[in-house]
Amino acid sequence: MPELPEVEVVRAGLEHWVRGRTVDGVAVLHPRSVRRHAAGADDFSARLDRCTVAGARRRGKYLWLELDSGDALLAHLGMSGQLLVQPRERAAERHQRVCIGLGPAERELRFVDQRTFGHLMVDPLIDDARGDSAGVPAAIGHIAPDPIDPAFDDEAFAALLRRKRTEVKRALLDQSAISGVGNIYADEALWRAGLHWARPTENLRRRQVGALLEHVRDVLREALAAGGTSFDSLYVNVNGESGYFERGLKAYGRSGQPCERCGAPIRREAFMNRSSYSCPRCQRAPRR
DNA sequence: TATGTCACCTGTGGGC
DNA sequence: TGCCCACAGGTGACAT
């Protein structure tokens with residue numbers, strides 16, 4: 001499931017393979033993949049064709065290609081999205097949704113997405129209220145910087161948690177508060193911090209918030225160094241290769257296995273229509 | 001306004 | 001062997 005480390009690996013691959021290339025033909029094979037592009041698939045293709053890519057950038061789980069037209073090709077990989085750079089003559093992927101020709105090399109950028117939770121859109125770059133001088137696509141102006149971005153403000157985040165009336169994991173998954181963190185790395189950071197996912201944010205001490213942020217950063221950086229987390233073939237880099245951070249997970253997906261700190265069996269609990277993994281001894285649930 | 005819930009979507013694996 | 005169902009989860013729309 002692409003979170004910040006996985007998206008960053010893809011972004012770096014795109015920077016290498018796509019920067020300086022000119023779009024040469026666009027084919028939208030599945031309209032749902034461009035559903036966020038309000039003007040429709042034809043407009044998506046027309047605004048993209050013949051544009052030259054100036055660079056690949058990212059905020060949280062969103063990444064975008066800067067175009068010489070002043071627009072950006074914005075991408076979110078959702079649950080199962082992949083951006084692959086492949087030779088044009090190579091057979092289409094099984095769940096190929098959008099195909100973007102890249103000149104002058106005989107390659108193409110393929111958006112492959114089994115579950116179609118991901119999407120692409122062409123969006124104008126606007127001035128960023130959060131201080132990014134290069135601008136951001138208008139559609140993601142509400143997305144906060146990620147915690148390994150120098151623009152991320154620890155004090156502002158701590159103050160926001162004090163004001164909120166919610167659980168700490170919900171806050172970590174709130175992309176308008178802190179971006180790039182998904183279910184996997186939220187569980188990992190909370191395990192490292194010894195905090196239960198349901199802990200009310202307003203009761204967290206400033207020191208605990210600081211420690212939690214450092215654990216979030218550590219887990220993201222370690223995952224990034226490992227090339228991301230892959231449970232199956234759904235997450236791959238632009239060359240179709242998987243990452244290795246799954247081996248470093250301490251909580252997520254380890255239901256029933258002993259906690260590496262205390263030996264208690266990791267438990268799985270329902271949370272927001274999904275799962276949350278924690279140690280019942282190291283991460284005490286708050287009193288209800 | 002803030003917070004919580006649910007639908008969207010498809011492949012996989014377990015149970016029968 | 002084949003069918004059914006639960007499960008995986010990021011986001012936005014909608015409800016409270």
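A note on names: the letters A, B, ... follow the listed sequences, proteins ahead of strands, and every chain is numbered from 1. If you're wondering where the values come from, they're calculated on a predicted model, not measured in any experiment.
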Tell me what A:Arg35 touches on the nucleic acid: a base, only sugar-phosphate, or nothing, going by heavy atoms under 4.0 Å. nothing

Provide, to the nearest angstrom, the distance between the CG atom belonging to A:Leu4 and the P atom belonging to C:dG10. 13 Å

Do A:Leu83 and A:Arg110 come within less than 4.5 Å of each other through their side chains, counting heavy atoms only? no

Would you kindly say whether A:Asp187 and A:Ser278 are connected by a side-chain donor-acceptor distance under 3.5 Å? no

A:Ile140 has an atom CD1; how far is it from atom P of C:dT11, in whole Å? 11 Å

Considering only heavy atoms from C-beta outward, does the side chain of A:Trp17 approach that of A:Arg107 to under 4.5 Å? yes

The contact string for nucleotides 3-9 of chain B, one letter per nucleotide 5' to 3', using protein heavy atoms under 4.0 Å with B, S and - for base, sugar-phosphate only and none, comes out as SSBB-BB

To the nearest angstrom, the CZ-P distance between A:Arg254 and C:dA8 comes to 17 Å

Have a look at A:Thr116 and tell me which of A:Arg32, A:Arg97, A:Arg35 forms a side-chain hydrogen bond (donor to acceptor under 3.5 Å, both in side chains) with it. A:Arg32

Using distance alone, with no hydrogens and no angle criterion, decide if A:Asp146 and A:Ser179 have a side-chain donor and acceptor under 3.5 Å apart. no

Name all residues meeting the side chain to side chain donor-acceptor pair (under 3.5 Å) criterion together with A:Asp49; count only those two or more places apart in sequence or in a different chain, and write none if there are none. none

C:dG10 P sits how many Å from A:Gln82 CD, rounded? 16 Å

Specify the separation, in whole Å, of atom CG of A:Leu63 and atom P of C:dT11. 12 Å

What is the distance, rounded to the nearest whole Å, between atom CG of A:Leu120 and atom C1' of C:dT11? 15 Å

Can you check whether A:Ser80 has a side-chain N or O nearer than 4.0 Å to OP1 or OP2 of B:dT10? no

Please examine the side chains of A:Asp71 and A:Cys51, heavy atoms only from C-beta on, and report whether any two atoms are closer than 4.5 Å. no

Have A:Thr166 and A:Thr201 got a donor and an acceptor in their side chains that come within less than 3.5 Å? no

Classify the side-chain pair A:Glu269/A:Trp197 by whether it contains a donor and acceptor separated by less than 3.5 Å. yes

Over how many whole Å does the gap from A:Leu77 atom CG to C:dG10 atom C1' extend? 11 Å

Integer-rounded Å distance: C:dG10 C1' and A:Ile184 CD1: 12 Å

Which atom pairs link the protein and nucleotides 12-16 of chain C when you take only N or O atoms and keep those under 3.5 Å?
| from | atom 1 | to | atom 2 | distance (Å) |
| --- | --- | --- | --- | --- |
| C:dG12 | OP1 | A:Tyr62 | OH | 3.4 |

